[in-house]
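It should be emphasised that the depicted structure is a prediction, and the values quoted were computed from it without experimental measurement.
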Amino acid sequence: MPFTSPSAYSTWSAIPDAELTLDSINRLLIPIQDDLWVVAACADRILDDTDVQHALLDLGLTRTLHAIERCKATYNPAFASETSNENGSLISHFQSSGSDAHMCFLRAVLLERLDRLNTYVEICKEVPEVQQTETEEGLEDWEDDPWADGTEDSTIQQTKMSNFRPPIALSTFLTTDLVSLTCHLSTVQWLGALHILFKRHTGELLPYRFKIIANIPEHINPLEYRDILPAFNHKTGLEQIITSEPWRTKPDFVELEEVRAALESCHFPFYQKREVESCEANAKDCLSPLSHEDLMSWYKSRVNHILSSTGMIDVALTLVQHGASQGISGLDELGEELSLLSRLVYDTPHEEASHFADDWTLDAWHSMDPPSVVRAYLTHSTPNTLPQDVTRLVMPYLFVLESRAERAGTPDPSLPSRMLYNYVLSAPLEMAAAIFEASKPTLPAAQRLIRDDEDIARLALALIYGSDNLTEWSVMSRIFECLPAWNIEAEDDNDEDAADTTVASLGAFSTIRPQCTASDLLVFFKPLPLTSLSRALDILDVHLESGEILARWSVPAPPRWFLQSSSDIHEQRAWANRMARRAGGQHDQLNTLDDWEWLLEDMLKLAGRGDTGIAGAFGLLSKEDVMRIFLGGLLSTGNFMVAKSILSVPHTKLRLNAAVVEEICLSSSREFYDNASSGNYNFGEMKLAYDCLDVPPQTRQVIKEKEFIEATSRICSFNVITRSGTPISPIEIRLAKDRLSLISRVLSSNSDAYKHTEMILDLCYKLGFRHDTVAEVKVLAMLADTALQAEDFDHAFDVSERMVDKVSQFREACPVGFEDPRFEEINEVCWVACFQLGRQLEFNQLDKKLSLLGRALELCPADKLHDILTAWRRLEKEDVEQREERLSHRQKGTANGSKNQKSKISLAASGGVASSLRARLHEFHMPSPPLLNTPDAAALASRTFKTVAANLPFSMGSRGRSVASETDSKGSRSGSQSRFSADDVSTQATRVISKGIGWLMGADEEY
């Protein structure tokens, strides 16, 4: 071995890798004669400078040539396949000459590095697009150079190249696992280098091709790395393998398997072999070419991965299209799906930018049924864009579905139209109108979305009658204007009957199923022939016009209501009432006569029939019914001046006779009355009830109703309280079964009300009892009883006298031989009232008490006569005593004889009266002496009065005390206190026995 200066070795080792140059290599290494040391020095240095690294590799490989020649001399490849003797001799050579074995190992390392260096130099020419963009952005300031001639000169090109920074340094590229390097280049999108690596190092990278592709970002367009994507070879039926173009077409001596085996046996393992083995477990399934099924599965898996990670359907579609172009069949349907999905994501209109595509995957797409896809295509469409969107988005999708069905052996030519019809039936009216306008019969057939005229009519009928919309009548009219107009006359009535029957069936069906859809209703229109469809459209025209009228007055009805009410007069009447009463909710605006006449005109129009003979919304109502409803509605608004005007206009359309007007006004007034919260007729609902009665002529019935309202107002002014403790309401007054009880409640709730006799009587008259003597007598009895309870005996007496006069007048007014059955009722009320006041001890006017008891005797029934006579007898005795006392005062100073004589005369007269009374009672077959002389007669009278008072038809009230017995024959007083309740007196009084009583009142006058 030639001698080398030690300073050369130390100088070489002291130079850093970054400072090595070609000159230092030539100056230091070439002079060294030790080949093994030079080769080892070249292998030991891994630089980032390609030129210096290349010089080192060339020098090292050159220095290995002598050793390779010596090794070749011991190796004969001709016998390598038959015997291992040469391999064994090569091993012996390596064992005997370790330097040659070392040189072979280092040569293999240098050759592999040289190949990688050449690859690195080639791929550095493939500048990534990202790097180009950055370089161009850095040179933007130079674009405005005034000296530029419009072409890129070499200076700019050199600047671009100088600014280029490879993603991997040369030193890293030469020493790192090639698979890892390739994966890294995939990640950093140095896609141009991938094809070079696969072409130059096919054997090393091919088993890991799918792992390398998986590292490419999913958003990258597949066309940028199409050279390494798998393809299909139809000749072999397997995957098309990438064509290999290694740097050396023939392997070097040290790369032969026998040489490698010999070196390994001498403990020189190749790290490249170990690297491949470390990755083999992850790629063992890709060592051999894939089958067609595996390739198709890989493409689908890659597509799903792209969609799930990025949602970029265009990238996935490009991948599928590339796979199909590479001969991989079975991707056509997937391509169709992605193409349709890409239309949904990228071509559908969007109101604003959104991450719409991120939500879509193939699984989500496959989970949608065709109607859902159609709706998704048109979700963001507007009425202006809808026809175009249907043409460019929906129809291609529907044609794909049709072709698939045909390929599957189940052709369905009606599928596109059926899907489009389903969308129309479920779309909003505004959107559907856009489709109908794009399908007008006047358009050329090629431009129409729906080309069948009968189908258009059926769809419109089902859509409109299936809608619950209350406002878009103009849109419905637009739809109707797009329908065909057939000038067809039915040959017989069967066609019209079929249409009318269909309308009736639809009404019944929609009533049973209120939530039925337009699709449900379409079933009813499908069987109709052309003539029946024409009739159905005429019916729809009338219903649309009716709907517009109802909507004008703010009482809109859904289109299906016209079907449901076509045979229901009660429903039509209810809606007419709503229309008249609400008057469109525009009472503030409807104050003029013209406005209300317009409303009446519309209501009459709805009740009429047009030229086609089809009834309107109120077709079951007569003209008079509509006018009655209109007037009631007008009155309900409180516009009474308008009502008077419209009734008085000579040529008005409101033609009702006076009796009907009166009936309606009374009904409206009572409605106001019943809804009033206050009885005061000067404001509120009660005022409306009162003023409403000024509209009709002032007949007796109208005046009676007005008086009742006045009576109600007066009753409420007395603050009458109900049992629950609240003021009485007008409705309670109207519903009172006995209105006279209201007067009783007024008297009982106001301590001074009884003093106003005329006012109370007027109240009685206005409650409906004018010219009713029975009611008047009862009211007078109430007043008398209330005055009695207040111990206002004079007023009670005056009222009682008036009551007696009324009874007398009533009796005298009865025709001879005819006895009014009501007389017994007022008779009983009268005598009980007179008896009650006449027997009061606190009432000290004896003559008035005797007069009252006389009246009671005159009117009472026979079975009560004993009780009254007992009281009258005691008063008579008291009267005699008082008269005697007065006479004694007058005759002071006269003779006792004369006095005694007059006393005897008086007693004789008194005895004569009693004798005459007993004689008259005998005529009635009544035992008078025992009764007249019985000290308990007063108690008996009291019990009798209680029995009568219990049946009084009014509230009598109660006093604090009532004496039941008076002074007995000995002058002593004994008796008991009793309390009279305020019960009603029944009308079941016994027959009046008044004969022979009148003279009894005259007996007292003799004294």
Side-chain angles (χ1 to χ4, degrees), residues 676 678-682 686 706-807 826 829-830 832-834 836-837 840 842-843 852 949 952-962 979-985:
S678 171
N680 192 331
Y681 71 109
N682 292 315
M686 193 60 72
K706 292 181 72 173
E707 288 181 344
F708 179 71
I709 294 175
E710 294 171 0
T712 300
S713 181
R714 182 164 297 174
I715 291 173
C716 292
S717 68
F718 281 106
N719 195 27
V720 177
I721 303 299
T722 62
R723 292 182 179 179
S724 61
T726 59
I728 191 169
S729 63
I731 190 63
E732 290 178 298
I733 295 175
R734 183 182 290 282
L735 296 178
K737 294 181 179 180
D738 181 9
R739 292 183 178 176
L740 287 179
S741 64
L742 298 171
I743 298 179
S744 175
R745 296 170 70 174
V746 169
L747 295 174
S748 63
S749 61
N750 294 267
S751 59
D752 295 333
Y754 74 91
K755 297 178 180 179
H756 307 285
T757 303
E758 297 302 328
M759 182 187 68
I760 297 300
L761 287 174
D762 184 63
L763 179 60
C764 171
Y765 302 151
K766 291 182 177 181
L767 283 174
F769 299 106
R770 191 177 295 278
H771 309 300
D772 189 340
T773 305
V774 175
E776 189 173 355
V777 169
K778 291 181 180 180
V779 171
L780 290 172
M782 295 181 199
L783 290 169
D785 180 68
T786 306
L788 176 61
Q789 296 177 46
E791 298 185 357
D792 189 350
F793 302 116
D794 292 333
H795 188 77
F797 177 78
D798 294 338
V799 173
S800 298
E801 285 291 305
R802 186 170 180 175
M803 176 175 55
V804 172
D805 292 340
K806 285 290 182 182
V807 173
I826 63 173
V829 172
C830 186
V832 169
C834 291
Q836 186 180 13
L837 178 59
Q840 295 299 319
E842 292 86 347
F843 189 17
L852 291 171
L952 279 173
F954 51 84
S955 177
M956 300 295 293
S958 62
R959 292 183 65 234
R961 56 186 294 271
S962 177
R979 183 176 298 274
F980 294 94
S981 62
D983 300 328
D984 294 335
V985 176

Supply the atom-to-atom distance [X] [atom1] to [Y] [atom2], rounded to the nearest 0.5 angstrom.
X      : Y      : atom1 : atom2 : answer
Leu742 : Leu767 : CG    : CG    : 6.0 Å
Leu747 : Asp752 : CG    : CG    : 11.5 Å
Leu735 : Lys737 : CG    : NZ    : 10.5 Å
Leu852 : Leu837 : CG    : CG    : 5.0 Å
Lys755 : Ile760 : NZ    : CD1   : 13.0 Å
Ile733 : Cys716 : CD1   : SG    : 4.0 Å

Contact between [X] and [Y] at the side-chain level, heavy atoms closer than 4.5 Å - yes or no?
X      : Y      : result
Gln840 : Glu791 : no
Ile743 : Lys778 : no
Pro727 : Thr722 : no
Val779 : Leu740 : yes
Arg739 : Phe769 : yes

Apply side chain to side chain contact (heavy atoms under 4.5 Å, CB included) to [X] and list each qualifying residue two or more places apart in sequence or on a separate chain.
X      : value
Asn750 : Phe718, Val746, Ala753
Asn680 : Ser678, Asn682, Phe683, Ser713
Glu710 : Tyr681, Tyr690, Glu707, Lys766
Thr757 : Leu761, Leu780, Leu783, His795, Val799, Arg802

In short, ring pair (Phe, Tyr, Trp, His ring centres under 6.0 Å) pairs touching residues 720-739 with sequence neighbours left out are none
Can you run down the ring pair (Phe, Tyr, Trp, His ring centres under 6.0 Å) pairs that involve residues 731-750, sequence neighbours left out, and say none if there aren't any?
none
For Tyr765, all residues meeting ring-ring contact (aromatic ring centres under 6.0 Å, His included), sequence neighbours excluded
none
Not counting sequence neighbours, which residues clear ring-ring contact (aromatic ring centres under 6.0 Å, His included) with Phe797? List them please.
none
Sequence neighbours excluded, which residues qualify as salt bridge (charged side-chain N to carboxylate O under 4.0 Å, His left out) partners of Glu801?
none
Contacts of Arg734 meeting salt bridge (charged side-chain N to carboxylate O under 4.0 Å, His left out) (sequence neighbours excluded), chain-then-number -> Asp674, Glu705
Take Thr773 and Glu776 through the test side-chain hydrogen bond (donor to acceptor under 3.5 Å, both in side chains) and record every step on the way to the result.
CA-CA 5 Å; Thr773 305; Glu776 189 173 355; 5.2 Å; no
Nearest heavy-atom pair of Arg745 and Ser749: which atoms, and what distance?
O-OG, 2.8 Å
Just jot down the side chain to side chain donor-acceptor pair (under 3.5 Å) partners of Asp798, sequence neighbours excluded, or say none.
none
Holding to side chain to side chain donor-acceptor pair (under 3.5 Å), I want the full list of residues that pass it with Thr712, two or more places apart in sequence or in another chain.
Tyr673
Taking Ala833's backbone N and O only, do any of them form a donor-acceptor pair with Gln836's side chain (distance below 3.5 Å, no angle check)?
no
